[in-house]
Enquirer: 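First, the structure itself, so that you have it in front of you.
Computation of the quantities below employed the complete heavy-atom set of this structure, encompassing side-chain atoms and omitting hydrogens, waters and symmetry-equivalent molecules. All chains are named by letter (A, B, ...) in the order of the sequence lines, taking the proteins before the strands, and each is independently numbered beginning at 1. Bear in mind the structure is a predicted one, so any value in this text is a computation, not a measurement.
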Number of protein chains: 2
Amino acid sequence: MSHFTPNTHRTFTIIKMKRSLEQIEYKEDTEALAKFAKALGHPTRIAILKHLENQSCCFTGDLVDVLPISQSTVSQHLKELKNAGLIQGELKPPKIKYCINQENWKIAKTLFQQFFD
Amino acid sequence: MSHFTPNTHRTFTIIKMKRSLEQIEYKEDTEALAKFAKALGHPTRIAILKHLENQSCCFTGDLVDVLPISQSTVSQHLKELKNAGLIQGELKPPKIKYCINQENWKIAKTLFQQFFD
DNA sequence: TTTGTTTATCGCCAATAGACGATTAGATTA
DNA sequence: TAATCTAATCGTCTATTGGCGATAAACAAA
């Protein structure tokens, strides 16, 4: 798969984290919540998502302008958010428009709500 | 400070993450949310907090019995949750009773709620 | 075809995270 | 005092994270 094919319609799947030689297993909801939380566990990624919430969508370049880090680092954070299923990319050559993945956003929201009662 | 003095009345403070040689700065709420999320970003820690929510409180040993990992690893995860301000320990010699830190729990809950709209 | 624009990937590095067994250290009890 | 119980810390190891500059790749336009 080319790096220029940003999984526009990728669906969210739970891939258990590697933690030890013998896999340690937890309930699916626990894994899912931890995965979302991990993706949110960096200020840059929070900032990206807040920006996407405001603008509804934006290009990578916009984020690079706003954030105090390099283009390659922004790209890495976008990749992590994409892998976690929280955002999705839409090809608008030569740019890529990133948006919140509403479907998974709802799932994450629900998981956090349930978790905090 | 002894390892047996588990910061029973420790209050939650934001300590910015080290990320680069030149510090990268974000808004305080962004940092705080990322810090909470990072603490939640591991299934073991989610499991611990869920257990504490059910039992309201419990001893380290109870968690060691329930979780598929060693005592030392459990202790490390407890330390991280304590540093993030999500739990607190109460001395019940020779045991330590851990509970949710309700004050900071509310703060975290609010931050996540606001974040998800 | 070549050039320009945009963004992902690569390679590198330092720091952090996560696991474990072994040890240490409070506190209680014998 | 000595033995016991509990839980934190230490030391070690491997894997992951997060940063950067440089490069490569996709596409548009000249």
Side-chain angles (χ1 to χ4, degrees), chain A residues 1-8 15-24 26 34-35 37-48 58-65 67-84 87 89-98, chain B residues 1-8 15-24 26 34-35 37-48 58-65 67-84 87 89-98:
Chain A
M1 181 179 60
S2 160
H3 65 279
F4 220 67
T5 308
N7 278 333
T8 311
I15 299 163
K16 293 198 179 58
M17 303 179 188
K18 276 175 222 153
R19 274 179 299 276
S20 184
L21 293 179
E22 317 86 48
Q23 268 293 10
I24 301 170
Y26 290 96
K35 189 177 176 179
K38 192 175 184 186
L40 299 179
H42 194 289
T44 295
R45 295 195 287 272
I46 297 289
I48 289 173
C58 76
F59 299 108
T60 309
D62 303 336
L63 293 167
V64 175
D65 294 341
L67 298 169
I69 52 177
S70 74
Q71 180 266 322
S72 60
T73 305
V74 172
S75 191
Q76 281 188 98
H77 284 300
L78 287 170
K79 189 182 182 180
E80 284 184 61
L81 289 171
K82 208 167 56 186
N83 287 341
I87 64 172
E90 191 186 336
L91 230 51
K92 295 275 181 178
K95 300 187 183 184
I96 296 177
K97 194 174 73 172
Y98 279 105
Chain B
M1 183 179 57
S2 160
H3 66 279
F4 220 65
T5 309
N7 279 333
T8 311
I15 299 164
K16 293 199 178 58
M17 303 178 187
K18 277 174 223 151
R19 273 180 298 275
S20 183
L21 293 180
E22 316 87 47
Q23 268 294 11
I24 301 170
Y26 289 96
K35 188 177 177 180
K38 192 177 185 184
L40 299 178
H42 194 289
T44 294
R45 295 195 288 272
I46 297 289
I48 289 173
C58 76
F59 299 108
T60 308
D62 303 337
L63 294 167
V64 174
D65 293 341
L67 298 170
I69 53 178
S70 73
Q71 180 266 323
S72 60
T73 306
V74 171
S75 192
Q76 282 188 96
H77 283 300
L78 287 171
K79 188 181 183 182
E80 284 185 60
L81 290 172
K82 209 165 54 184
N83 287 341
I87 64 172
E90 191 185 338
L91 228 52
K92 295 274 182 181
K95 301 188 181 182
I96 296 177
K97 194 175 74 172
Y98 279 104

Enquirer: Does D:dT6 have OP1 or OP2 sitting under 4.0 Å from an N or O in the side chain of B:Y98?
Expert: no
Enquirer: I want to verify a distance call: between C:dA22, C:dT6, C:dA27, whose nearest atom is closest to the B:L91 side chain?
Expert: C:dA27
Enquirer: Is there a side-chain contact between B:K38 and the phosphate of C:dA17, meaning an N or O under 4.0 Å from OP1 or OP2?
Expert: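 Yes, such a contact exists.
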Enquirer: With sequence neighbours left out, write down each residue that passes side chain to side chain contact (heavy atoms under 4.5 Å, CB included) with B:D65, or none if nothing qualifies.
Expert: none
Enquirer: Where the side chain of A:S75 is defined as all heavy atoms beyond and including C-beta, which of D:dA7, C:dT9, C:dA27 is the nearest nucleotide?
Expert: C:dT9
Enquirer: Residues two or more places apart in sequence or in another chain: which of them pass side chain to side chain contact (heavy atoms under 4.5 Å, CB included) with A:Q76?
Expert: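 A:Q76 satisfies side chain to side chain contact (heavy atoms under 4.5 Å, CB included) with no other residue.
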Enquirer: Measure across A:Q71 and A:V64 and return the closest heavy-atom pair with its distance rounded to 0.1 Å.
Expert: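 For A:Q71 and A:V64, the tightest heavy-atom pair comes out as CA-CG2, 3.9 Å.
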Enquirer: Would you say A:H42 places a side-chain N or O within less than 4.0 Å of OP1 or OP2 belonging to D:dG19?
Expert: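 True: A:H42 side-chain N/O within range (under 4.0 Å) of D:dG19 OP1/OP2.
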Enquirer: Can you figure out which of C:dG18, D:dG18, C:dC20 approaches the side chain of A:E80 most closely?
Expert: D:dG18
Enquirer: So, does B:T73 get its side chain near the phosphate of C:dA19, meaning an N or O under 4.0 Å from OP1 or OP2?
Expert: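 For C:dA19, OP1/OP2 do not have a side-chain N/O of B:T73 under 4.0 Å.
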Enquirer: Which atoms form the tightest heavy-atom contact between A:A34 and B:P43, and what is the distance?
Expert: CB-N, 3.4 Å
Enquirer: Expressed as a whole number of angstroms, how long is the span from B:K35:NZ to C:dT16:C1'?
Expert: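 The distance from NZ of B:K35 to C1' of C:dT16 comes to 15 Å, rounded to the nearest Å.
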Enquirer: Roughly how many Å is it from CD1 in A:I87 to P in C:dA8, rounded to a whole number?
Expert: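 Interatomic distance, CD1 of A:I87 to P of C:dA8: 9 Å.
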Enquirer: Give a yes/no on whether any side-chain N or O of B:H77 is located under 4.0 angstrom from OP1 or OP2 of C:dA17.
Expert: no
Enquirer: Please confirm whether any donor atom in the side chain of B:Q76 sits under 3.5 Å from an acceptor in the base of C:dA19, or the reverse.
Expert: yes
Enquirer: Write down the atom of A:Y26, the atom of B:P68, and the distance for their closest heavy-atom approach.
Expert: OH-CD, 3.9 Å
Enquirer: Within this structure, what is the CD1-to-P distance between A:I96 and D:dC27, rounded to whole angstrom?
Expert: 10 Å
Enquirer: Please state how far atom CG in B:L81 lies from atom C1' in D:dA8, giving the value in whole angstrom units.
Expert: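 From B:L81 CG to D:dA8 C1': 15 Å.
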Enquirer: Roughly how many Å is it from NZ in A:K95 to P in D:dA29, rounded to a whole number?
Expert: 12 Å
Enquirer: Just the rounded figure in Å: distance from P of D:dG18 to CD1 of A:I46.
Expert: 12 Å
Enquirer: Calculate the interatomic distance between A:Q71 atom CD and D:dT23 atom C1'; express it in whole Å.
Expert: 11 Å
Enquirer: Send over the distance from B:R45 CZ to C:dT16 P, rounded to a whole Å.
Expert: 15 Å
Enquirer: What about A:S70, does its side chain sit under 3.5 Å from the base of D:dG19 through a donor-acceptor pair?
Expert: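 Absent.
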